[in-house]
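Let me begin by presenting the structure, written as structure tokens, before commenting on it.
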There are 2 protein chains.
Amino acid sequence: MEETVEGLDRFPHPHLAVDIALLTLHAGALHALLLRRTEAPFAGALSLPGSFVRVREAVDAAAARVLAEKCGLRDVFLEQLFTFGDVKRDPRGRVVSVAHYALVPAARLQAVMTAYDLQLLRIVVPWPLHQGGAVQVVGEDQKAVRLAFDHADILGTTVQRLRGKIDYAPVGFELLPPQFTLLDLLEVHQAVLGRELNKDSFRRRLLSSGLLSATGRQRSGVAYRPAALFRFRATGRGKGKKA
Amino acid sequence: MEETVEGLDRFPHPHLAVDIALLTLHAGALHALLLRRTEAPFAGALSLPGSFVRVREAVDAAAARVLAEKCGLRDVFLEQLFTFGDVKRDPRGRVVSVAHYALVPAARLQAVMTAYDLQLLRIVVPWPLHQGGAVQVVGEDQKAVRLAFDHADILGTTVQRLRGKIDYAPVGFELLPPQFTLLDLLEVHQAVLGRELNKDSFRRRLLSSGLLSATGRQRSGVAYRPAALFRFRATGRGKGKKA
DNA sequence: AAAATAGTGTCTATGAGACACTATAGT
DNA sequence: ACTATAGTGTCTCATAGACACTATTTT
């Protein structure tokens, strides 16, 4: 880095953006939050919410700003994912994107979906457990929808990251409301991992993990024995910062 | 991303750099490859090799170029680590850095150390197993050395990533010569994890992992029973690409 | 009482740690 | 023969899967 920034400012350098892969759990399946593009390129296609990074703005602050401005969401789980830096990923020119991923319980999205003109589409993961690659995104008619830019890759990397992380980091809770049953949490893990899990050992593992605290309350309104409601036990760590 | 890149080019936007945290194993301990800075800021301090990303150059290509140009190293394990995007991380102005990490066996460095004026300093990890944070870098006198920019954080994130990855991904081999004994590999794992490992279960785990292939040869010149030499079994995956 | 899921107790298989014991090079 | 490490066999302990059995709510 011999060059001074001052000297470089007059020469072209890559643009820097953030894109947000926001996932939620809906009807037992992972869904992604998408926006309909109105301008070229990819006009009319669906894309992840994103923005350029401002000169006096930290990269993670830019990611939080996108969620607030374009989706009306604050204080959600948000973490850096991967930086996508291919030369031709944006047909407009050289744009490097620092992708982030966010996790939100579906209930929190209800309020902002129409106000911010957001779309929620189901994710189909066409590769085995820890492999990686692009995902498919399907509409209500179950037909695959094409996303703008490399956003299907970004969503794929998000799922891959989640799959690698959910077994040892408390991220499953971010997709659930504050109180949930063990079966709710099991279904989150199954949706993320894309496979069935053993109920018994899941119960034992979570109960002995120290991550749950019993609320003493029960799920009501079910026509069978109600399950106990748990809460995620705050461990005093910050939120949305580096793992 | 309503704005067009063409329209934005006339306005200031962040600069984009890559920095490389290259680790190796020397005398049973992790060491980092560092350069002595000759210009402000941090003139005289040690820093990671880095460079700005060119407009027609992919980010991972920039990282490979830095290793080739500044260290004379090609075809080494190189992976994206994390993007450091704080506003004030570079006193010259706004520079976001896509940090990468590289792993190289110490033998490969011998040839380039003096030709490229490189320094190899030992890393001290002051935090427990999976926590994270900055590391210390100590010189021959065992005194801590101050690094330029946020490079101590980048090295810390590298160790954290390695610790999280070495148990399930074949990265330990990247720090060893092509042929090695099980004890060599054990020492790599111990240096990365910063704790002693059980020899017996390590042996069983690695032998049954399918990652090793026996060479039939033995380590020679030792005053006791010689250990069998193994080779890393290529699994057909690419190298240095995304996990 | 019937239905359906919640939750408990126990058996088994697997893998890690511990440790005793045998093997093999150099001196 | 002695020494130091390589490598094997076996016992124990912790954890996941499997499954039988009991508990609790609504209809």
Side-chain angles (χ1 to χ4, degrees), chain A residues 27-28 129-130 163-170 172 176-177 179-233, chain B residues 27-28 129-130 163-170 172 176-177 179-233:
Chain A
L129 191 53
H130 284 118
R163 286 185 172 183
K165 197 159 183 169
I166 198 169
D167 280 338
Y168 69 91
L176 290 174
Q179 300 199 6
F180 51 85
T181 68
L182 280 169
L183 188 56
D184 292 336
L185 188 57
L186 174 74
E187 283 166 354
V188 167
H189 281 239
Q190 289 185 152
V192 167
L193 294 171
R195 67 186 183 94
E196 304 250 306
L197 293 176
N198 184 283
K199 283 192 175 76
D200 305 288
S201 56
F202 184 81
R203 159 179 291 272
R204 257 176 313 175
R205 186 156 56 90
L206 268 289
L207 286 181
S208 63
S209 71
L211 293 173
L212 301 179
S213 80
T215 63
R217 303 183 53 204
Q218 296 183 332
R219 167 85 74 211
S220 61
V222 289
Y224 43 80
R225 175 174 176 177
L229 286 170
F230 291 88
R231 191 194 311 275
F232 172 53
R233 170 171 298 187
Chain B
L129 191 53
H130 284 118
R163 286 185 171 183
K165 196 160 183 169
I166 197 169
D167 279 339
Y168 68 91
L176 290 174
Q179 300 200 5
F180 51 86
T181 69
L182 279 169
L183 187 57
D184 292 336
L185 189 56
L186 174 75
E187 284 167 352
V188 167
H189 281 239
Q190 289 184 152
V192 167
L193 294 172
R195 67 184 183 93
E196 304 249 306
L197 293 176
N198 184 283
K199 284 193 175 73
D200 305 288
S201 57
F202 184 81
R203 161 179 290 272
R204 258 176 313 176
R205 185 157 56 90
L206 266 291
L207 286 180
S208 64
S209 71
L211 293 173
L212 301 179
S213 80
T215 62
R217 302 183 52 202
Q218 295 183 333
R219 161 108 349 141
S220 61
V222 288
Y224 42 82
R225 175 172 174 178
L229 286 169
F230 292 89
R231 190 193 314 272
F232 172 54
R233 170 170 298 187

Can you give me the closest heavy-atom contact between [X] and [Y], atom names plus distance?
| X | Y | value |
| --- | --- | --- |
| B/A191 | B/G28 | CB-O, 3.6 Å |
| B/G210 | B/R233 | O-CD, 3.4 Å |
| B/R219 | B/F180 | NH2-CA, 4.4 Å |

Quick one: label A/L183 by what it contacts on the DNA or RNA (base, sugar-phosphate, nothing), any heavy atom closer than 4.0 Å.
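It contacts sugar-phosphate atoms only.
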Select base, sugar-phosphate, or nothing to describe what A/R205 touches, counting heavy atoms under 4.0 Å on all strands.
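It contacts sugar-phosphate atoms only.
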Can you measure [X] atom [atom1] to [N] atom [atom2] for me and round it to whole angstrom units?
| X | N | atom1 | atom2 | result |
| --- | --- | --- | --- | --- |
| A/K199 | D/dA16 | NZ | P | 17 Å |
| B/L212 | D/dG7 | CG | C1' | 15 Å |
| A/L229 | D/dT25 | CG | P | 13 Å |
| B/L186 | D/dG7 | CG | C1' | 14 Å |
| B/L197 | C/dG15 | CG | C1' | 15 Å |
| B/H189 | C/dA16 | NE2 | P | 13 Å |
| A/E196 | D/dA18 | CD | P | 11 Å |
| B/L185 | D/dG7 | CG | P | 13 Å |

Going by the rule salt bridge (Lys or Arg N to Asp or Glu O under 4.0 Å), which residues pair with A/R225 if we only count those two or more places apart in sequence or in a different chain?
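With sequence neighbours excluded, A/R225 shows a salt bridge (Lys or Arg N to Asp or Glu O under 4.0 Å) to no residue whatsoever.
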Contact between B/L206 and B/L186 at the side-chain level, heavy atoms closer than 4.5 Å - yes or no?
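The answer is no; the side chains never approach within 4.5 Å.
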I'd like to know if the side chain of [X] reaches the main chain of [Y], judged simply by a donor and an acceptor atom lying under 3.5 Å from each other, with no hydrogens or angles considered.
| X | Y | result |
| --- | --- | --- |
| A/Q190 | A/L197 | yes |
| B/T215 | B/L229 | yes |
| B/R163 | B/V192 | yes |

Could you give me the CA-CA distance, side-chain angles and deciding distance for A/K199 and A/L183, then say whether side chain to side chain contact (heavy atoms under 4.5 Å, CB included) is met?
CA-CA 8 Å; A/K199 283 192 175 76; A/L183 188 56; 3.9 Å; yes
I'd like a table of atom pairs between the protein and nucleotides 17-20 of chain C - only N or O on both sides, under 3.5 Å - with the distance next to each one.
unit_1: C/dG17; atom_1: OP2; unit_2: B/S201; atom_2: OG; d: 2.2
unit_1: C/dG17; atom_1: N7; unit_2: B/R204; atom_2: NH2; d: 2.8
unit_1: C/dG17; atom_1: O6; unit_2: B/R204; atom_2: NH1; d: 3.4
unit_1: C/dA18; atom_1: OP2; unit_2: B/N198; atom_2: ND2; d: 3.2
unit_1: C/dC19; atom_1: N4; unit_2: B/D200; atom_2: OD1; d: 2.9
unit_1: C/dC19; atom_1: N4; unit_2: B/D200; atom_2: OD2; d: 3.2

Could you list by number each residue of residues 214-226 of chain A showing a heavy-atom separation from DNA chain C of less than 4.0 Å, or answer none if no residue does?
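Result for residues 214-226 of chain A: A/Y224, A/R225, A/P226, sorted by number.
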